[in-house]
**Q** 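Got a structure here, written out as structure tokens. Questions coming.
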Amino acid sequence: MSLIKTTYNRRSFLKASAVAGGGMVLGFSWLASCTPTQEEIMAMPEEWFDINAFLKIGDNGVVTIMSPNPEIGQNVKTSMPMIIAEELDVSWDNVIVEQAGLNTENFRRQLAGGSQSIRQGWESLRMAGATARRMLLEAAAKQWEVPVGELTTNEGLISHEKSGQTIGYGEIASAAAEVTVPEEIELKDPKDFKIIGTDRLNVDGPKIAKGEPLFGLDVQEEGMLIAMIEHPPAFGMKIKSVDADAVKAMPGIKDVFTINIAPEGIEQQWSDRNNVFNDLVAIVGNSTWEVMKAKKALNVEWEAESSLESSDDHEATLSDLVSQKADPARRDGNPEAAFRDADEVIERTYSAPFLAHNTMEPMNFYANVTADKAELKGPIQTPEFLRKTAAALLGMEEDKVSVMMTRMGGGFGRRLYGNFGLEATLISKQAGAPVKLVYTREDDMSQGTYRPDYKVVYRAALDADKNLTAIHVRGAGTHGSPVFANRFPAGTVDNYLAENHRKESNISTGAWRAPRSNFIAGAEQSFLDEVAEAMGKDPIELRLELFDRAIKDPVGERNDYDAERYAGVLKLVKEKSGWGQDMAGVYRGVSAYYCHNSYVAQVLDVEMVDNKPKVKKVWCAVDCGIVVNPIAAKNQIEGGIVDGIGHAMYSGLTFKDGAPEQTNYDKYRLIRHSEAPAEIEVFFVDNGIDPTGLGEPSLPPIMAALANAMAKATGERLYTQPFVSSQAVLG
Amino acid sequence: MAIFNLKINGENHQVDVDPESPTLWVLRDHVKLVGTKYGCGIGQCGACTIHIDGQAMRSCSLPISAVADKSITTIEGLSKKGDHPLQKAWIEHDVPQCGYCQAGQIMNAASLLNNNPNPSDADIDAAMNGNICRCGTYVRIKAAIKTAANS
């Protein structure tokens with residue numbers, strides 16, 4: 001085997017010689033029809049030919065495509081293979097999708113995060129398909145002794161029009177596998193796409209509907225033990241002593257010991273550094289229930305090693321910070337003078353609490369560590385970084401550690417931080433057995449890398465003619481400010497000031513779906529609504545005027561957005577929602593935001609039902625460039641909207657003396673069926689631009705569309721999340 | 001420990017477990033049926049929903065001793081070929097995102113349709129409110145339940 005680079009973009013492809021698969025393998029086509037509940041047995045090839053790392057072709061034309069990236073519910077297991085199939089030019093009905101394990105030689109960026117899988121995979125996935133197609137064409141051209149340029153393909157069939165010859169991919173795959181990887185390939189013109197841009201159902205849909213084992217928590221292996229951890233009950237505490245004797249004698253319990261996943265001298269990766277509970281007690285036994293009982297009975301003495309923080313203290317500190325000046329992150333014009341000379345200054349403060357990720361599948365991981373190798377398997381958004389640290393902890397070379405990604409029962413950023421994988425690794429090593437580490441919900445919620453608590457103050461200056469002359473934003477948050485200094489509204493006003501404060505804390509925080517944006521969008525777009533009101537302007541018109549300024553005469557040189565695309569989604573949602581029409585009993589809010597390279601604008605309709613506000617409908621316009629799989633894209637947008645409404649309205653994690661006050665769903669509120677919008681309509685901008693992020697961008701702005709509509713419905717503006725604490729929301 | 005003879009998805013299974021053991025963990029660890037999911041362990045999220053004599057129950061909070069003489073149905077036994085109208089509707093509407101809660105959602109919806117073959121939106125909200133979906137698939141779940149009800 002050899003690694004061969006193409007000159008096209010210097011991407012590497014592993015080319016293997018023909019490999020015999022042998023025998024009959026049964027597989028199922030999930031994709032053959034719109035109603036694939038009736039399992040359809042696809043005729044499987046007798047022999048497979050590896051064309052490159054992403055795909056192999058069977059002698060009957062069936063194609064197996066590897067999905068390289070972790071699947072957390074963003075549907076890349078369907079959409080990434082669609083891109084390969086498009087350029088390969090095969091029928092999707094003949095495609096089988098398999099999840100690839102971690103393989104840094106073959107694949108690049110096997111990571112789920114930042115809504116980047118499709119954007120960053122776009123070119124290499126197209127290359128993988130196009131390269132394979134080219135190799136098939138060259139093999140056919142050689143066999144027929146005709147110029148390769150005279151050949152065409154259509155859904156797995158190669159044709160030579162002049163001679164009337166045709167051959168299927170399966171028939172020529174053996175020869176194609178021997179072809180030198182081309183140095184140049186041609187990609188399709190997007191107007192010729194046949195798969196990209198069409199609705200393709202989730203490749204795992206039938207398995208999910210039948211409850212088949214897909215998730216990390218479902219892993220069952222021979223000789224596998226169950227492990228749980230006990231972490232300190234509060235941030236700022238550590239283990240003082242462990243009395244495990246009684247627990248070790250309990251039924252089914254094998255061992256109780258302590259582990260340290262961050263010993264001195266072991267290099268940590270970025271994905272390890274947010275975690276603070278590195279010293280833990282591990283309980284290992286035969287079954288989950290036995291280990292759970294032992295965990296409850298375990299006697300651990302804890303001691304404080306640093307301050308035990310409370311939400312009240314955080315609130316006071318953040319309030320204090322936003323009242324103080326900071327070094328400007330960006331300053332345009334003379335904002336101080338503009339505020340001094342203003343006829344009217346509007347000032348509003350917005351706050352939000354910590355949030356837990358609350359993936360429905362709690363953290364878990366399988367590890368089987370033996371003397372010379374380690375097998376890791378489970379739900380992880382960052383397998384490459386997990387392997388690095390696991391190998392370092394074990395003192396093994398990285399190639400002795402394998403990582404297989406299971407389908408994840410949600411990620412939302414929590415599974416970027418693979419402390420649970422490292423814990424499973426060390427527990428397996430110590431126990432001398434394969435183990436599956438399982439977190440209880442309480443473990444999961446009280447040991448998070450939480451969305452930080454935030455506070456931001458927005459100020460706007462209006463002159464005597466109600467013109468907007470200045471905007472000032474000052475943000476503060478645990479481990480960082482939520483403000484993006486160079487995003488909108490920067491660039492749209494002559495005088496602008498952005499300031500950032502950071503609060504240190506021993507409470508672990510990290511990326512939570514659309515980091516920082518998940519708060520600042522709601523604050524910014526709520527504030528803009530009040531500014532429009534004070535200016536006597538329609539909120540969409542004000543935004544469009546600001547974008548117009550940024551298009552024609554932008555302020556400053558570094559504005560991290562494209563004002564035309566921003567305005568485009570706003571105009572689209574305005575048109576589709578019939579904005580401006582007076583609808584009896586319907587209260588509307590609008591919001592627009594840009595993050596993860598995509599633009600989203602939303603209109604949200606609230607109606608009063610039994611004197612309580614109810615979200616009836618959301619209209620959402622999205623510019624994420626080319627939409628690979630429209631049905632799945634719509635699902636992502638819908639999910640982000642429900643998620644955003646839910647967290648703005650209902651969710652929050654508070655601390656008392658270092659301990660979370662909510663550790664399960666009896667106290668931590670998540671949005672439920674009856675609270676979701678009755679209807680969500682999604683519109684995509686069709687502009688042919690290469691695809692951008694989709695998993696996160698619909699969440700941030702909806703918080704303001706909701707707040708703005710609620711203000712119309714109840715007459716009360718909402719500044720503090722979760723909004724459910726407001727009397728107006730309760731009705 | 002005690003021996004229990006269980007009837008799960010029409011088949012008999014004998015297990016030797018702690019009588020207090022939640023049915024969820026007996027199903028997952030001992031019978032190796034892992035379609036039923038753990039979410040919260042306190043009956044608040046619905047991921048572990050199974051049917052006991054046809055009615056939706058939260059298996060995480062149901063000791064195995066309480067169901068020993070009952071008929072237990074899990075997602076694996078909802079239909080023989082995965083073709084229950086709800087399972088078909090779930091696929092057709094592309095309901096799942098991460099998919100983890102969906103077995104519980106389907107089992108709860110199946111119980112709803114057993115009791116109320118043509119539920120209104122309000123009926124669906126009321127019956128399904130105990131099943132959390134963190135991905136926010138609620139709009140499609142409702143649509144899929146209606147499709148199944150009409151089939």
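Just so we're on the same page: letters track the sequence lines, and every chain starts at 1.
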**Q** Between B/Y38 (side chain only) and A/R441 (backbone N and O only), is there a donor and an acceptor less than 3.5 Å apart?
**A**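 Judged by distance alone, yes, a pair lies under 3.5 Å.
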
**Q** Sort A/M360 into side chain, backbone, both or neither according to what part of it lies under 4.5 angstrom from a heavy atom of chain B.
**A**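 Contact with chain B: backbone and side chain both.
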
**Q** Counting only non-hydrogen atoms closer than 4.5 Å, does A/E290 touch chain B with its backbone (N, CA, C, O), its side chain (CB onward), both, or neither?
**A**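 Contact with chain B: side chain only.
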
**Q** Just by modelled atom types, is the B/C101 backbone N or O under 3.5 Å from a matching donor or acceptor in the A/E361 side chain?
**A**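 Not confirmed, A/E361 side chain does not pair with B/C101 backbone.
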
**Q** Can you give me the closest heavy-atom contact between A/P362 and B/Y100, atom names plus distance?
**A**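 Minimum heavy-atom contact is CD-OH, 4.0 Å.
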
**Q** Which bit of A/M445 is near chain B, if near means a heavy-atom gap under 4.5 Å: side chain, backbone, both or neither?
**A**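 For A/M445, neither part sits under 4.5 Å from chain B.
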
**Q** Determine the option with the most heavy-atom pairs under 4.5 angstrom with chain A, choosing from B/C135, B/G35, B/A103.
**A**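 The candidate making the most pairs under 4.5 Å is B/C135.
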
**Q** Which residue out of B/Q105, B/H30, B/K32, B/K37 racks up the most heavy-atom pairs below 4.5 Å with chain A?
**A**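 Max contact count across the listed options: B/K37.
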
**Q** Is it the side chain or the backbone of A/Y668 that comes within 4.5 Å of chain B heavy atoms, both, or neither?
**A**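 Contact with chain B involves no heavy atom of A/Y668 at all.
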
**Q** Quick check: does any side chain N or O of B/Q87 sit under 3.5 Å from a backbone N or O of A/A209, one acting as donor and the other as acceptor?
**A**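 Answer holds: yes.
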
**Q** Taking side chain as everything from C-beta outward and backbone as N, CA, C, O, which of these in B/Q102 sits under 4.5 Å from a heavy atom of chain A? Side chain, backbone, both or neither.
**A**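 Side chain only.
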
**Q** If the threshold is 4.0 Å, N to carboxylate O, is there a salt bridge linking A/K634 and B/D94?
**A**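 Here A/K634 does not pair with B/D94 in a salt bridge, since their nearest N and O are not under 4.0 Å apart.
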
**Q** Does the side chain to side chain contact (heavy atoms under 4.5 Å, CB included) test come out yes or no for A/L217 and B/V34, once each step is laid out?
**A** CA-CA 8 Å; A/L217 210 63; B/V34 295; over 6 Å; no

**Q** Test side chain to side chain contact (heavy atoms under 4.5 Å, CB included) on B/D18 and A/K293; report intermediate values, then the result.
**A** CA-CA 11 Å; B/D18 175 1; A/K293 282 182 86 171; 2.7 Å; yes

**Q** Does any heavy atom of chain A fall under 4.5 Å from the side chain of B/E20, the backbone, both, or neither of them?
**A**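 Both parts, heavy atoms under 4.5 Å.
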
**Q** Top residue by heavy-atom pair count (under 4.5 Å) with chain B, among A/N358, A/N286, A/I72, A/I645?
**A**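 Highest number of heavy-atom pairs under 4.5 Å: A/N358.
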
**Q** Pick whichever of A/N75, A/T359, A/I671, A/I680 has the most heavy-atom pairs under 4.5 Å with chain B.
**A**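 Most heavy-atom pairs under 4.5 Å with chain B: A/I671.
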
**Q** For chain A, find its close neighbours in residues 136-151 of chain B: heavy-atom separation under 4.5 Å, sorted by number, or none.
**A**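 Within residues 136-151 of chain B, the residues under 4.5 Å from chain A are B/G136, B/Y138, B/V139, B/R140, B/I141.
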
**Q** If contact means a heavy atom pair closer than 4.5 Å, which residues of residues 114-133 of chain B contact chain A?
**A**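 From residues 114-133 of chain B, the residues near chain A are B/D125, B/M128, B/N129, B/G130, B/N131, B/I132.
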
**Q** Evaluate the side-chain proximity of A/D218 to B/R28: yes if any heavy-atom separation is below 4.5 Å, no if none is.
**A**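 B/R28 reaches A/D218 side chain to side chain.
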
**Q** So, taking the atom named CD in B/Q44 and the one named CZ in A/R669, what distance separates them when rounded to the nearest 0.5 Å?
**A**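 Taking CD in B/Q44 and CZ in A/R669, the distance rounds to 12.0 Å.
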
**Q** What distance do B/I64 atom CD1 and A/W289 atom CH2 have between them, rounded to the nearest 0.5 Å?
**A**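 The CH2 atom of A/W289 is 12.0 Å from CD1 of B/I64, to the nearest 0.5 Å.
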
**Q** Report the C-alpha separation of A/T288 and B/D29 in whole Å, then their side-chain angles, then the decisive distance to 0.1 Å, and conclude whether the side chain to side chain donor-acceptor pair (under 3.5 Å) test is met.
**A** CA-CA 7 Å; A/T288 313; B/D29 284 357; 2.6 Å; yes

**Q** With a 4.5 angstrom heavy-atom cut-off, is it the side chain or the backbone of B/M107 that approaches chain A, or both, or neither?
**A**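 Neither; nothing under 4.5 Å.
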
**Q** Using non-hydrogen atoms and a 4.5 Å limit, figure out which bit of A/Q220 sits close to chain B: side chain, backbone, both or neither.
**A**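 Just the side chain, heavy atoms under 4.5 Å.
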
**Q** Tell me whether B/R134 contacts the main-chain N or O of A/G410 through its side chain, where contact means a donor paired with an acceptor under 3.5 Å.
**A**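 Looks like no, no N/O pair under 3.5 Å.
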
